[in-house]
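Here's the structure, in structure tokens; my notes come after.
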2 protein chains.
Amino acid sequence: MAASTLSEVARLAGVSLATASRVLNGSSRKPAEDIAERVRAAADKLGYVPNAQAQALAKSSSGLIGLIVHDIADPYFAAIARGVQDAARQQNRMVLLASTSGASLDEKEAVAAFAARRADSIVIAGSRSVRAEDQQGNAELAAELDRYCRNGGHVGVVGHPIVGASVSEGYHVVKVPNEELAAGLAAELAASHEGAFLIIAGPEGLYTSDDRVRGFQRGLAEAGKPAAEVIRTGFNRAGGYDAGLALADRIKASESRLCIFAVNDVMAIGVTAALRPEGVWIPRDATIAGFDDIETLRDFRPALSTVHLPLEDIGRLAAGDTDTPPVSGVVKLRRSTETPVESQV
Amino acid sequence: MAASTLSEVARLAGVSLATASRVLNGSSRKPAEDIAERVRAAADKLGYVPNAQAQALAKSSSGLIGLIVHDIADPYFAAIARGVQDAARQQNRMVLLASTSGASLDEKEAVAAFAARRADSIVIAGSRSVRAEDQQGNAELAAELDRYCRNGGHVGVVGHPIVGASVSEGYHVVKVPNEELAAGLAAELAASHEGAFLIIAGPEGLYTSDDRVRGFQRGLAEAGKPAAEVIRTGFNRAGGYDAGLALADRIKASESRLCIFAVNDVMAIGVTAALRPEGVWIPRDATIAGFDDIETLRDFRPALSTVHLPLEDIGRLAAGDTDTPPVSGVVKLRRSTETPVESQV
DNA sequence: TTCAGATGGGAAAGCGCATTCCCGTTGCCA
DNA sequence: TGGCAACGGGAATGCGCTTTCCCATCTGAA
């Protein structure tokens, strides 16, 4: 990647480096119009493209914003990424992407790489965990982020603060009221559901999952329902699928309909996918609700009850450098939790 | 973003800048182990993170790879992005993201921004077009890319060469045999479908769309079928939806079943979504096939017939700097094009 | 006419690093 | 023991740009 440089432009225009810089790359000092014109012409002729690396070095600000997700092809993260991208556009920055599969060690490396590139800010999405096996990774990630913040970086976290973060300066969290919303969902479901409830959750220690489980149980309790059984599985479609397989026989054997709450939409989709070939129909034989309202749901049948989260906004907010009030969500009851009527058309 | 610098490390370790650089950032010359140890200790103590900008400036190579997509939240692009990301990981690079909504003017700006950041290579996905209104944008995009290539950049294009590119050095195209595969799809569909065919295509001039239309028609012709009517609409879900709405009455009025080929999966999904509330069932009242085999299809009902494309591989290949043979696809016939049997369970 | 104050261009000093060249050491062979 | 090659560390240069400081020129008021 060689290209023509500012000094070449300056020479061709017969001006100094300083003047050329002032003309081309927005300075507070505006050279005279005739000179400016000459410089622009020269730049155009040479096909000059400013070297952002050099600019970043000179001004010590890179115009980069780092985004860390588990998997960019997961609709949940893709929606957030879209929001981040949008915010970046408005701020005239570019997005640096890192997918980590959720391994905190990879996340740590990504943070280091972003820090090396002197990203102005870092957005980190994806559920945090306090599981024992993530302990060390979390600590290292927190240390890396702390260092980054101490050096003046901004960090936006989606959902839940980084475990073990000790510096407050520079962090900001886009809070998602998972617990309240899950409670709200439970309340609405409890109003129309007679039978038992069951929660398909992620591994214990995942904040997002735990919050939603807790909220849902609270909602049930407040509605005078007994607590739901909790099944732990992977926090993704595959986890939901496994849980669905394990559940199929039980549902078929049962008299009353079960109401299943999967702690996120992709898990709910996985459950449904596993149940379908077993002949278990939703909502006839069991009802199910998810969480997130990912865009994919639009074309998923049966229409999935869920809690709508403004994912794009969340991405946008996380990419901003300021604190924000918690985002709000909305319970969406759809066909997957409808009470089936015998005579339904 | 201030952080400790190499010279601070060098000073603390009591060595020269050169030595510190050699120890920390992999050079061909390896300083003595005791010195190296001292330098590493100093770096660790100061929390030294090399400034990638400065490194890039000094070595004139940024380790960046730019990715241009229409919309990162579209499953098609997300899958490609995943592949690119994967390739970047292996090459120890980072991905710079730009979403452009397909506007070639935005794409041009993205290329310029990547060039400014001295990205080592650029991957550009999303259908090219020769429509009149894109004329100027295309020309400018091509010029920008040409310049980038002349300056030593590598460009990987998915699907179809950039219109108007005049430099060959540095370009490489991941060829997708859209026409052949569409022909293959038509052949297989023709084998079992009696009635008429209809194609829901993107705007005229979109290469990907046009290729698939041409291939499909050819396949029909070779199977001795009359050419299919072609409806033009947007190359996305909304376009498919509109087409579906427009088609509903006609399908309901018709005696024989129509076989619809939507030139990509999201359009097929849109068509189906529009048809469903109208009481048109797939495959009972009409059959439908898409193209791409995006991951979303896994959970879409009725299971959509389509042509499987190795999207992740495509991303990976585009991110490599070498020419590759065309990728291969596979026709997948699924429930959406099954011949309904009256007595079907 | 003179001088203070603007105005605007240019020289030069970095930004943080890689790398080339130079030079003092050491090891080995004759 | 002298001489030469190989080795390893350091000074210095430059990557492409921004920005400070300096200086020449011009303006207007005294």
Side-chain angles (χ1 to χ4, degrees), chain A residues 1-40 42-43 46-64 113 115-120 151-152, chain B residues 1-40 42-43 46-64 113 115-120 151-152:
Chain A
M1 280 305 308
S4 50
T5 71
L6 228 207
S7 50
E8 289 174 28
V9 173
R11 195 179 327 131
L12 180 59
V15 301
S16 78
L17 206 60
T19 303
S21 169
R22 292 197 263 252
V23 171
L24 296 175
N25 306 10
S27 148
S28 54
R29 283 182 57 174
K30 300 283 168 206
E33 187 49 38
D34 55 334
I35 292 197
E37 198 43 57
R38 240 174 41 228
V39 172
R40 273 190 290 266
L46 291 176
Y48 170 71
V49 177
N51 185 325
Q53 317 269 7
Q55 293 191 129
L57 191 57
K59 326 194 252 206
S60 55
S61 148
S62 63
L64 251 26
R117 296 230 137 75
R118 297 302 186 265
D120 296 335
N151 288 337
Chain B
M1 280 301 310
S4 48
T5 71
L6 228 208
S7 49
E8 289 174 28
V9 173
R11 195 180 325 131
L12 180 60
V15 300
S16 78
L17 207 61
T19 303
S21 169
R22 292 196 264 253
V23 171
L24 295 175
N25 304 18
S27 147
S28 53
R29 284 183 56 174
K30 298 284 167 203
E33 186 49 38
D34 56 334
I35 292 196
E37 197 42 58
R38 237 171 48 226
V39 172
R40 272 190 290 266
L46 291 177
Y48 170 71
V49 178
N51 185 325
Q53 317 269 8
Q55 290 185 322
L57 190 57
K59 329 191 249 206
S60 56
S61 148
S62 64
L64 251 27
R117 296 230 137 76
R118 298 301 185 264
D120 297 332
N151 288 338

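It should be emphasised that the depicted structure is a prediction, and the values quoted were computed from it without experimental measurement. Letters go in sequence order (proteins before strands), and every chain restarts at 1.
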Give the table of side-chain donor-acceptor pairs shorter than 3.5 Å for residues 52-59 of chain A, with sequence neighbours excluded, one pair per line with atom names and distance.
unit_1: A/Gln53; atom_1: NE2; unit_2: B/Arg117; atom_2: O; d: 2.7
unit_1: A/Gln55; atom_1: OE1; unit_2: A/Asn25; atom_2: ND2; d: 2.5

B/Thr5 and B/Asn51: CA distance, side-chain angles, deciding distance, side-chain contact (heavy atoms from CB on, under 4.5 Å) verdict: CA-CA 8 Å; B/Thr5 71; B/Asn51 185 325; over 6 Å; no

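If you measure from atom CZ of A/Arg117 to atom P of C/dC15, you get 22 Å, rounded to the nearest angstrom. In this structure, the CG atom of A/Leu46 is 12 Å from the P atom of D/dC17, given to the nearest Å. Nucleotide C/dG8 holds its P atom 12 Å from the CD atom of A/Glu33, rounded to whole Å. If you measure from atom NZ of B/Lys59 to atom P of D/dT13, you get 23 Å, rounded to the nearest angstrom. Atom CG of A/Asn51 and atom P of D/dC15 are 12 Å apart (whole Å). Separating the CG atom of A/Leu57 from the P atom of D/dT19 is a distance of 12 Å, rounded to the nearest angstrom. When the C1' atom of D/dG10 is taken as reference, atom CZ of B/Arg11 falls 16 Å away, rounded to whole Å. Between the CG atom of B/Leu17 and the P atom of C/dA18 there is a distance of 9 Å, given to the nearest Å.
Here D/dT18 is the nucleotide among D/dT18, D/dA11, C/dA11 with the atom lying nearest to any side-chain atom of A/Leu6. In the set C/dC17, D/dT18, C/dG9, the nucleotide with an atom closest to the side chain of A/Thr19 is C/dG9.
Taking the nucleotide of DNA chain C with the nearest heavy atom to each of B/Gln53 and B/Ala18, the more 5' of the two is matched to B/Gln53.
Taking only side-chain nitrogens and oxygens, B/Ser60 never comes nearer than 4.0 Å to OP1 or OP2 of D/dC15. For C/dA18, one of the phosphate oxygens OP1 or OP2 lies less than 4.0 angstrom from a side-chain nitrogen or oxygen of B/Gln55. The phosphate of D/dG16 has neither OP1 nor OP2 within less than 4.0 Å of any side-chain N or O from A/Thr5. In terms of phosphate contacts, A/Ser7 brings no side-chain nitrogen or oxygen within less than 4.0 Å of OP1 or OP2 of D/dG16. Contact annotation: A/Ser21 side-chain N/O to D/dT18 OP1/OP2 distance is under 4.0 Å.
For B/Arg118 (side chain) and B/Ser62 (main-chain N/O), no donor-acceptor pair under 3.5 Å exists by modelled atom type.
Looking at residues two or more places apart in sequence or on another chain, you find a salt bridge (Lys or Arg N to Asp or Glu O under 4.0 Å) between B/Glu37 and B/Arg40. Under the side-chain contact (heavy atoms from CB on, under 4.5 Å) criterion, B/Leu46 pairs with B/Ser4, B/Glu8, B/Val9, B/Leu12, sequence neighbours left out. Legend: residues meeting side chain to side chain donor-acceptor pair (under 3.5 Å) with A/Ser61, ordered by chain and number and at least two apart, are absent. With sequence neighbours excluded, the residues that form a side chain to side chain donor-acceptor pair (under 3.5 Å) with A/Thr19 are A/Ser16.
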Under 3.5 Å between N/O atoms: give me all the protein pairs with nucleotides 6-8 of chain D, atom names plus distance.
unit_1: D/dG8; atom_1: N7; unit_2: B/Arg29; atom_2: NH2; d: 3.4

Short heteroatom pairs, N/O only, protein and nucleotides 23-26 of chain C, under 3.5 Å:
none

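Here OH of B/Tyr48 is found 3.5 Å from CG of B/Leu6. Values are rounded to the nearest 0.5 Å.
End-to-end axis angle of the helix from C/dT1-D/dA30 to C/dA30-D/dT1, using five pairs per end and rounding to 10°, comes to 50°.
Put simply, the side chain of A/Arg22 and the base of C/dG8 share no donor and acceptor less than 3.5 Å apart.
Contact of the A/Leu64 side chain with the A/Asp120 side chain is not registered, since no non-hydrogen atoms from C-beta on lie closer than 4.5 Å.
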